[in-house]
Protein chains: 2
Amino acid sequence: MVMVGAGAIGSFYGAILKRAGCHVSVVLRSEYDVVREKGFSIDSPLGDLSYQPDAVYRDGETLEQAPDYVICCVKVLPGVDRGALLKPWVGEHTRIVLIENGIDIERAVADVFPANPLISCLAFIAVSRTEPGRIEHKAFGQLTMGTWPDGISDDCRAIAALFEAGGINIKLSESVVAERWRKSLWNTPFNPLSVLAGGADTVTMLDTEGGEALVREMMAEVVAVAAADGHPMPEDAIDKNIAGTRKMPAYRNSMALDYLNGRPMEIDAILGNVVAIAQQHGVAVPRLETMRAALAMRDVQAAKDN
Amino acid sequence: MVMVGAGAIGSFYGAILKRAGCHVSVVLRSEYDVVREKGFSIDSPLGDLSYQPDAVYRDGETLEQAPDYVICCVKVLPGVDRGALLKPWVGEHTRIVLIENGIDIERAVADVFPANPLISCLAFIAVSRTEPGRIEHKAFGQLTMGTWPDGISDDCRAIAALFEAGGINIKLSESVVAERWRKSLWNTPFNPLSVLAGGADTVTMLDTEGGEALVREMMAEVVAVAAADGHPMPEDAIDKNIAGTRKMPAYRNSMALDYLNGRPMEIDAILGNVVAIAQQHGVAVPRLETMRAALAMRDVQAAKDN
């Protein structure tokens, strides 16, 4: 199989598939030389997951034979055409597996490869890239997955079995879109809010005067959009999310870390697509719209200032 | 008269009163030595407004005779007790004049000096402090003023005549609170939004996708709160504000400049008090609440990180 995008997430799940005995190639850009020479070094509670990929490619190369699976682990960003990135590696029978964050992030890929099976995965993991080719896996690793837009195909079960053989937990879901909404209930309020609050951590967000009330209202907006999109959530979903967050120590989410480190942020995948779906269904999301517009303005101003 | 707070605003209006022939003293903190030695240097389209105050005081000094007027030009910030700052200079018959931004910023002063006449002024001016004791007046200067909470007392007319004698335009208003709401219609959306958008200018805010729509919705929230507070605005107020802003070149408002320069921001005066009044009247202001909470979280996180 071919991993497209080998940041922290791609490198980690590549290691898992390698442990399962798969032939794992990676397509890289900036880290091509380092990884080709030294492979990936991965520290993990699962043990030393370091590995040398079976092949290291870069853009522009072609394969004689298309792989059974292409696994896409690139960030979902406005300037990144994932269809074009995947194109060279996807053959007629290649299954495409997305391990990516966000809502409605499958469509752009499905539009380019309408005949290929598309398997959508959500990663629940704490992993970071500390330097080129070097990954630190701190905790978790479960994938929730299903065939897009719904169901669990045999292809999906097959790749799930490989991940499990590599040592991680898999949750198969008949509705991966519903799973994405469930994750969005947390991410869509907390991630952008943290950025607007200058990189605030979870405890700051909940404990600031008016903070928890605002997060709850934002969550209610997400629940309303999800319901309009055909994915109603249980009544206690918000209470459970807040309670779960309060049980964890203060931490900065991935978007906050991207923001503080000057990296591009998945604004559309996490927030913009939710607002767009709300608008399609006529659901009022004033708080989410406020965040989306403020973050969009930030990008426009940064482009002007540079 | 005694000017308390001689930043850009206080120094400028002190110069105007000096030109009108008034005895003008100033109370300073950090710039005491510079101003005592060299006075204020003020470049202005009105001419060279540089002046040496008749006296320069600092906290802790006392006067033998209380002044007729104390003019308060300090920023309205959570940690700043303006009542305490004014106390040493206010006698039984002293009129208190506020030249300050924001909504409901008079109450904290009136509570400390319930028997003193209180005159509330809004400055429409472009002025900045370039270094200690040195002020650049770029344009405008009009004051809109009235007795607080309403009416135009003889005291108010008297100080207005002095400002006019010094060369600026005065608009007397029977309802200075209504005037504050009218200014709030612009400031309350644009100022905090600019900060959340990383210091975005007016054109960025209006031209970003969804930007003008958001600003209009926020203005509608302000209009609703003002109406609930007894100050309905004309139906075309929002259209006029947007059109007026579109006629101006792109610029960064005062809060954006404070943010970009790491100076404290008048969040409560401009935004927090509007949200508080909305809550008292049960008016929904989801967009303003989102901004207020995000900015409050920013302060909490900054305090944690330092």
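To find a chain, count down the sequence lines: A is the first, B the second, and so on, and within it residues start at 1. What you see below is based on every heavy atom in this structure, not just the backbone, and it leaves out hydrogens, waters and symmetry mates.
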What parts of residues 271-288 of chain B touch chain A if we use heavy atoms and a cut-off under 4.5 Å? Pro286(B), Arg287(B)
Is the shortest distance from a Lys or Arg side-chain nitrogen in Glu212(A) or Arg216(A) to a carboxylate oxygen in the other one below 4.0 Å? yes
Does a side-chain N-to-carboxylate-O contact under 4.0 Å join Glu31(A) and Arg134(A)? no
For Pro189(B) and Pro192(B), work out which heavy atoms get closest and say how close. O-CD, 3.6 Å
Just checking heavy atoms, which of residues 99-113 of chain B are less than 4.5 Å from chain A? none
Do Asn187(B) and Ser184(B) have a side chain donor and acceptor closer than 3.5 Å? no
Mind listing the closest non-hydrogen atom pair of Ile135(A) and Gly7(A) along with its distance? CD1-O, 4.2 Å
Which atom of Ser128(B) lies closest to which atom of Lys138(B), heavy atoms considered: OG-NZ, 3.4 Å
If the contact rule is any heavy atom under 4.5 Å from chain A, which residues of residues 290-306 of chain B qualify, in numerical order? Thr290(B), Met291(B), Arg292(B), Ala293(B), Ala294(B), Ala296(B), Met297(B), Arg298(B), Val300(B), Gln301(B), Lys304(B), Asp305(B)
Got a salt bridge between Arg252(B) and Asp258(B), using NZ or NE/NH1/NH2 to carboxylate O under 4.0 Å? no
Can you tell me how far the CG atom of Leu118(B) sits from the SG atom of Cys72(B), to the nearest 0.5 Å? 9.5 Å
Between the CZ atom in Arg263(A) and the CE atom in Met255(A), the distance rounded to the nearest 0.5 Å is 12.0 Å
Interface residues of residues 237-245 of chain B facing chain A - non-hydrogen atoms under 4.5 Å apart: none
Measuring from atom NZ of Lys75(A) to atom CD1 of Ile9(A), what distance do you get when rounded to the nearest 0.5 angstrom? 11.0 Å
For the residue pair Gly198(A) and Tyr259(A), what are the closest heavy atoms and their distance? C-CE2, 3.6 Å
Heavy atoms, side chains only, cut-off 4.5 Å: are Phe140(A) and Val127(A) in contact? no
Gap separating the CH2 atom of Trp186(B) from the CG atom of Asn191(B), nearest 0.5 angstrom: 6.0 Å
Minimum heavy-atom separation for Arg180(B) to Ser120(B), with atom names? NH2-OG, 2.9 Å
Considering all heavy atoms of both residues, which atom of Ala250(A) and which atom of Thr202(A) are nearest to each other, and what is their separation? CA-OG1, 3.5 Å
Rounded to the nearest 0.5 Å, how far apart are CG of Leu196(B) and CE of Met205(B)? 10.5 Å
Student check: side-chain heavy atoms of Asp201(B) and Tyr251(B) closer than 4.5 Å: no
Largest heavy-atom contact set with chain A, pairs under 4.5 Å, which of Ala200(B), Ser194(B), Gly210(B), Gly199(B): Ala200(B)
